[in-house]
Amino acid sequence: GYVSSTDGQKRSKHQRWAMAHLTGGADAPPCVMCLAPATKQCSGCHAFWYCGRDCQRKHWKAHKTECGRTKELQEMTPKKLLTALDEREREFNVVTDIVRKHRESSSCKTVWVTRSGDMLREDLEDARELPGIKERLDSLSGSKTEANQHATVNTLFSAAEGVGRAKSLAFFEQSKTVRDRLQELARRDEEQGVETVIKCGGQQGLVLDAAGDL
């Protein structure tokens, strides 16, 4: 959730902890791996906590590729975050248009717009369960011919593309309210000569270091 430093506002248990943590009045959150009391913090991004070196090592296998980006996300401002959201949607539309034109003009149709990493794995799993797709994949799995393998890949990734597109469009639609609020905060920062810092990602989700509810 989002956290404001405004006094007197009702907050969830997580929000109260986050605010107390920002002001130095609370212990660290639990270990991100095992939920035991944490004693260590990632020295790179300061966004994840651990009970000890073993859990930190285990988490580092996945976290090492995103630690630098997570550090950047801990130092966002309303203007920076708004720009990042706008750029993500712009890139999505540009890539979608490029692939659409490629399919219209090329004999090779096996090019898809998909999300990446864990999100792609999630989309592939969801695609397998779509009505008609599961039955189609089951029927193709009965034969290991090259044609069937090609059809399997095409069927699965085409479905995953549709799943990812639906989720991306839903994200852009749901972010409109947040963007409106970010514009208000950016305008206020400029008028008052202050800088609201928004910590994104990590164990706290999204946290405001200055007054102003998102």
Side-chain angles (χ1 to χ4, degrees), residues 1-6 11-92 95 114-122 164 167-168 171-172 174-175 178-179 181-190 192-214:
Y2 299 90
V3 179
S4 165
S5 59
T6 306
R11 305 181 179 96
S12 66
K13 181 178 179 181
H14 173 76
Q15 288 176 320
R16 287 196 301 271
W17 168 81
M19 185 53 57
H21 176 73
L22 290 174
T23 57
D27 295 331
C31 175
V32 69
M33 295 299 289
C34 68
L35 301 183
T39 58
K40 299 174 68 66
Q41 187 179 26
C42 177
S43 60
C45 65
H46 303 288
F48 292 95
W49 285 259
Y50 311 96
C51 63
R53 189 173 296 275
D54 285 345
C55 277
Q56 187 172 13
R57 280 204 198 99
K58 291 176 183 177
H59 187 239
W60 182 247
K61 292 178 181 179
H63 181 53
K64 63 183 177 181
T65 61
E66 62 182 24
C67 185
R69 177 55 177 162
T70 301
K71 184 178 186 302
E72 293 177 12
L73 292 174
Q74 295 291 294
E75 302 168 351
M76 297 295 280
T77 64
K79 187 175 181 178
K80 286 181 181 178
L81 188 52
L82 187 60
T83 299
L85 288 170
D86 289 342
E87 183 63 15
R88 177 177 293 188
E89 185 169 7
R90 187 194 69 80
E91 289 177 351
F92 173 80
V95 172
T114 67
R115 303 193 298 170
S116 61
D118 290 339
M119 291 185 292
L120 174 57
R121 284 189 284 273
E122 175 189 296
K167 292 179 180 178
S168 295
F171 169 80
F172 297 139
Q174 293 166 5
S175 70
V178 173
R179 293 187 200 199
R181 186 58 184 134
L182 287 172
Q183 288 177 337
E184 293 178 14
L185 287 172
R187 203 159 38 240
R188 186 200 66 181
D189 283 0
E190 185 174 354
Q192 298 181 2
V194 299
E195 187 174 78
T196 299
V197 177
I198 305 174
K199 296 178 181 291
C200 306
Q203 285 175 257
Q204 298 180 56
L206 282 160
V207 180
L208 285 176
D209 270 5
D213 297 322
L214 269 178

(request) Kindly assign one of parallel, tilted or perpendicular to the pair His63 and His59, based on the angle between their ring planes and the thresholds 30° and 60°. (result) parallel
(message) Check this for me, if you would: do Glu91 and Arg88 make a salt bridge, where the nitrogen-to-carboxylate-oxygen distance has to be below 4.0 angstrom?
(response) no
(message) For Arg187, is there an ion pair with Glu190 - N to carboxylate O distance below 4.0 angstrom?
(response) no
(request) Decide yes or no for Trp60 and Thr65: does some side-chain heavy atom of the first lie under 4.5 Å from some side-chain heavy atom of the second? (result) no
(message) Less than 4.5 Å apart, side chain to side chain, heavy atoms only: is that true for Glu184 and Arg181?
(response) yes
(request) Verify, without hydrogens or angle tests, whether Ser175 (side chain) and Val178 (backbone) share a donor-acceptor contact under 3.5 angstrom. (result) no
(request) Decide yes or no for Arg53 and Lys40: does some side-chain heavy atom of the first lie under 4.5 Å from some side-chain heavy atom of the second? (result) yes
(message) For a 4.5 angstrom cut-off between non-hydrogen side-chain atoms, does Phe172 reach Leu85?
(response) no
(request) Write down the atom of Ala84, the atom of Met76, and the distance for their closest heavy-atom approach. (result) CB-CE, 4.3 Å
(message) Assess the residue pair Glu72 and Arg69 against the criterion (salt bridge (charged side-chain N to carboxylate O under 4.0 Å, His left out)); give the C-alpha distance rounded to whole Å, side-chain angles, the decisive distance to 0.1 Å, and a yes or no.
(response) CA-CA 5 Å; Glu72 293 177 12; Arg69 177 55 177 162; 2.9 Å; yes
(message) Counting only heavy atoms not in Lys79 (residues, nucleotides, ligands), do more than 12 fall under 6.0 Å from its NZ?
(response) no
(message) Counting C-beta onward and ignoring hydrogens, is there a side-chain heavy-atom pair between Pro78 and Asp189 closer than 4.5 Å?
(response) yes
(message) List the residues meeting side-chain contact (heavy atoms from CB on, under 4.5 Å) with Gln192, not counting sequence neighbours, and say none if there are none.
(response) Arg188, Val194
(request) Would you mind checking if Glu122 and Arg115 are paired as a salt bridge, meaning a charged N to carboxylate O distance below 4.0 Å? (result) yes
(request) Report the C-alpha distance between Lys71 and Gln74 in whole Å, list the side-chain angles of each, state the deciding distance to 0.1 Å, and finish with yes or no for side chain to side chain contact (heavy atoms under 4.5 Å, CB included). (result) CA-CA 5 Å; Lys71 184 178 186 302; Gln74 295 291 294; 5.6 Å; no
(message) Strictly distance-based, threshold 3.5 Å: is any side-chain N or O of Thr77 a donor or acceptor partner for the main-chain N or O of Thr196?
(response) no
(message) How long is the straight-line distance from OG of Ser168 back to CZ of Phe92, given to the nearest 0.5 Å?
(response) 4.5 Å
(request) Examine distances only and state if a side-chain atom of Gln41 and a backbone atom of Trp49 form a donor-acceptor pair shorter than 3.5 Å. (result) no
(message) Nearest 0.5 angstrom please: Ile198 CD1 to Glu75 CD, how far?
(response) 13.0 Å
(request) Output the distance between atom CD (Gln56) and atom OG1 (Thr39), rounded to the nearest 0.5 Å. (result) 9.0 Å
(message) Quick check: do Cys42 and Cys67 have side-chain heavy atoms less than 4.5 Å from each other?
(response) yes
(request) Identify whether the distance between the nearest side-chain nitrogen and carboxylate oxygen of Arg179 and Glu89 falls below 4.0 Å. (result) yes
(request) Would you check if Cys51 and Cys34 make a side-chain contact, meaning some heavy-atom pair closer than 4.5 Å? (result) yes
